A.B. asks: 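First the structure, which I've put down as structure tokens, then a few questions once you've had a look.
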Amino acid sequence: MTAPPDDCLARNEWICGAYLSTRRQILLDAVVQHLQLTSVSVLIGLAIALPLAVLARRWTLAAGPVLGVTTILYTIPSLAMFSLLLPLYGLSAGLVVAGLVLYSLTLLVRNILAGLRAVPQETRQAARGLGYGPIRLLLTVELPLALPAAMAGLRIATVSAVSLVTVGAIVGFGGLGNLIYAGMNTYFKAQVLTASVLCVLIAVAADVLLLGVQWLITPWARAARG
């Protein structure tokens with residue numbers, strides 16, 4: 001009877017320290033790509049969502065179309081979304097980023113808009129009474145007061161993006177999703193588990209980081225809770 005191999009890789013175990021030590025650079029490259037795709041897509045999404053939310057707040061007639069279009073985009077399955085964007089971006093990282101940006105819009109726009117709408121009308125009137133113009137009112141009164149709701153949307157959008165990046169493996173730009181996809185095709189247990197755990201850790205770390213940022217930039221919210 002042949003003795004089982006001593007190497008956990010040869011035994012194809014789920015938990016394998018040898019995989020971590022021998023694939024360290026591969027894992028690092030995948031994590032870096034995952035973080036890059038996530039951060040770029042969320043930042044672009046935020047840059048687009050903010051003016052859309054302000055537009056919807058300023059002009060009531062624009063709110064319906066803005067929310068409707070972003071909601072429809074969010075309902076499109078990820079594979080279909082990438083297929084629709086393929087003629088524009090080809091098999092590139094831009095394809096994944098564009099898809100993630102579109103998915104982030106509904107979460108970001110809705111939460112920023114909710115925060116802006118929650119600013120008390122008497123606060124706006126008081127600011128106008130002090131001579132605040134529309135831009136100054138937005139930048140120094142409305143947006144700061146809308147930060148808690150906006151940050152909640154940003155946290156959800158970021159965690160969602162961390163998850164959706166893995167779907168980019170179908171075009172070769174999925175960060176840790178590339179390892180998960182390859183591991184599932186070859187039933188490489190250690191690779192599937194390790195990459196999946198790293199995805200979860202990135203999502204949790206991003207959420208905690210953004211929660212800390214929110215805590216730092218909204219001292220008035222802390223005072224109100226205290």
Side-chain angles (χ1 to χ4, degrees), residues 23 25-53 55-56 64-113 150 152-189 191-207 209-210:
R23 269 78 168 181
Q25 190 58 48
I26 294 175
L27 288 169
L28 179 60
D29 292 342
V31 169
V32 170
Q33 185 183 74
H34 209 105
L35 292 173
Q36 288 175 338
L37 292 170
T38 300
S39 57
V40 169
S41 61
V42 172
L43 288 175
I44 295 175
L46 183 60
I48 297 173
L50 181 57
L52 287 177
L55 175 68
V66 168
L67 293 176
V69 170
T70 55
T71 300
I72 290 173
L73 289 173
Y74 195 74
T75 62
I76 300 175
S78 54
L79 292 179
M81 177 71 81
F82 289 156
S83 299
L84 292 172
L85 295 172
L86 186 59
L88 296 175
Y89 295 95
L91 297 175
S92 66
L95 172 65
V96 179
V97 170
L100 295 177
V101 168
L102 294 177
Y103 279 128
S104 70
L105 288 180
T106 186
L107 299 171
L108 293 172
V109 170
R110 283 183 178 276
N111 279 271
I112 296 173
L113 180 57
L154 182 60
R155 289 169 57 197
I156 298 172
T158 301
V159 171
S160 297
V162 171
S163 174
L164 288 170
V165 165
T166 58
V167 183
I170 62 174
V171 295
F173 293 92
L176 291 164
N178 293 337
L179 300 182
I180 296 173
Y181 184 73
M184 291 180 68
N185 283 339
T186 58
Y187 199 56
F188 192 173
K189 295 178 181 178
Q191 180 161 298
V192 172
L193 180 61
T194 302
S196 299
V197 169
L198 286 173
C199 281
V200 174
L201 292 177
I202 290 174
V204 172
D207 189 52
L209 177 62
L210 290 174

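In what follows, residues are counted from 1 in the order of the sequence shown. Because the structure is a prediction, the values reported are computed rather than measured.
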A.B. asks: Which pair of non-hydrogen atoms, one from Leu108 and one from Ala49, has the smallest distance, and what is that distance?
C.D. replies: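 Minimum heavy-atom contact is CB-CB, 3.5 Å.
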
A.B. asks: What is the distance from atom CG of Leu50 to atom CG of Leu113, rounded to the nearest 0.5 Å?
C.D. replies: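 Those atoms lie 11.5 Å apart.
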
A.B. asks: For Leu209 and Thr158, what are the C-alpha separation, side-chain angles and deciding distance, and is it a side chain to side chain contact (heavy atoms under 4.5 Å, CB included)?
C.D. replies: CA-CA 11 Å; Leu209 177 62; Thr158 301; over 6 Å; no

A.B. asks: Enter the distance from Leu100:CG to Phe82:CZ here, rounded to the nearest 0.5 Å.
C.D. replies: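 Between Leu100 CG and Phe82 CZ, I get 5.5 Å after rounding to 0.5 Å.
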
A.B. asks: Which pair of non-hydrogen atoms, one from Leu86 and one from Leu95, has the smallest distance, and what is that distance?
C.D. replies: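 Result for this residue pair: N-CD1, 3.7 Å.
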
A.B. asks: With a 4.5 Å cut-off on side-chain heavy atoms, are His34 and Leu198 touching?
C.D. replies: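 The answer is no, as the side chains (C-beta and beyond) never meet within the 4.5 Å cut-off.
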
A.B. asks: So, for Ser104 and Ser41, which heavy atoms are closest and what is the spacing to 0.1 Å?
C.D. replies: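 Nearest heavy atoms, Ser104 then Ser41: OG-O, 4.4 Å.
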
A.B. asks: Check whether any side-chain N or O of Asn111 sits under 3.5 Å from a backbone N or O of Leu107 as a donor-acceptor pair, and report yes or no.
C.D. replies: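 Checked: pair present.
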
A.B. asks: Would you say the side chain of Arg110 lies within less than 4.5 Å of the side chain of Thr71, judging by non-hydrogen atoms?
C.D. replies: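 A side-chain contact under 4.5 Å exists here.
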
A.B. asks: Counting only heavy atoms not in Tyr181 (residues, nucleotides, ligands), do more than 12 fall under 6.0 Å from its OH?
C.D. replies: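 12 or below, so no.
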
A.B. asks: Can you name the closest pair of heavy atoms from Ala195 and Ile180 and give their distance?
C.D. replies: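 It is CB-CG1, 3.5 Å.
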
A.B. asks: Given side chain to side chain contact (heavy atoms under 4.5 Å, CB included), test Leu73 with Thr106 step by step and report yes or no.
C.D. replies: CA-CA 8 Å; Leu73 289 173; Thr106 186; over 6 Å; no

A.B. asks: Find the distance between CG (Leu179) and CG (Asp29) and round it off to the nearest 0.5 Å.
C.D. replies: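 Answer for the CG-CG pair, Leu179 versus Asp29, is 9.5 Å.
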
A.B. asks: Please confirm whether the backbone N or O of Leu35 pairs with a side-chain atom of Thr38, one donor and one acceptor, at under 3.5 Å?
C.D. replies: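 Not at all, since once roles are kept as given, no pair shorter than 3.5 Å links the two residues.
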
A.B. asks: Please examine the side chains of Leu67 and Val109, heavy atoms only from C-beta on, and report whether any two atoms are closer than 4.5 Å.
C.D. replies: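 Val109 vs Leu67: side chains touch.
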
A.B. asks: I need the Leu176 CG to Ile26 CD1 distance, nearest 0.5 Å.
C.D. replies: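 The CG atom of Leu176 sits 12.0 Å away from the CD1 atom of Ile26.
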
A.B. asks: Are the side chain of Thr194 and the backbone N or O of Gln191 linked by a donor-acceptor pair below 3.5 Å?
C.D. replies: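 Flag not set: sc Thr194 to bb Gln191 has no pair under 3.5 Å.
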
A.B. asks: Heavy atoms, side chains only, cut-off 4.5 Å: are Ile112 and Leu46 in contact?
C.D. replies: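 The answer is yes; the side chains approach within 4.5 Å.
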
A.B. asks: Which pair of heavy atoms, one from Ala157 and one from Val42, lies closest together, and at what distance?
C.D. replies: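 That closest heavy-atom pairing would be O-CG2, 4.3 Å.
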
A.B. asks: Specify the closest pair of heavy atoms between Tyr74 and Ser160, including all atoms of both residues, with the distance to one decimal.
C.D. replies: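 Residues Tyr74 and Ser160, closest heavy atoms: OH-OG, 4.4 Å.
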
A.B. asks: Any chance you could measure Leu84, atom CG, to Leu79, atom CG, to the nearest 0.5 Å?
C.D. replies: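 One gets 11.0 Å once the value is rounded to the nearest 0.5 Å.
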
A.B. asks: Side chains of Ser196 and Val192: closer than 4.5 Å at any heavy-atom pair?
C.D. replies: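 Yes; the side chains approach each other to less than 4.5 Å.
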
A.B. asks: Is the side chain of Tyr103 donor-acceptor paired with the backbone N or O of Ile76 at a distance under 3.5 Å, no angle test?
C.D. replies: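 Yes, Tyr103 side chain to Ile76 backbone: donor-acceptor pair under 3.5 Å.
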
A.B. asks: Which value, rounded to the nearest 0.5 Å, describes the distance between Leu37 atom CG and Thr166 atom OG1?
C.D. replies: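 Leu37 atom CG to Thr166 atom OG1 measures 11.0 Å (nearest 0.5 Å).
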
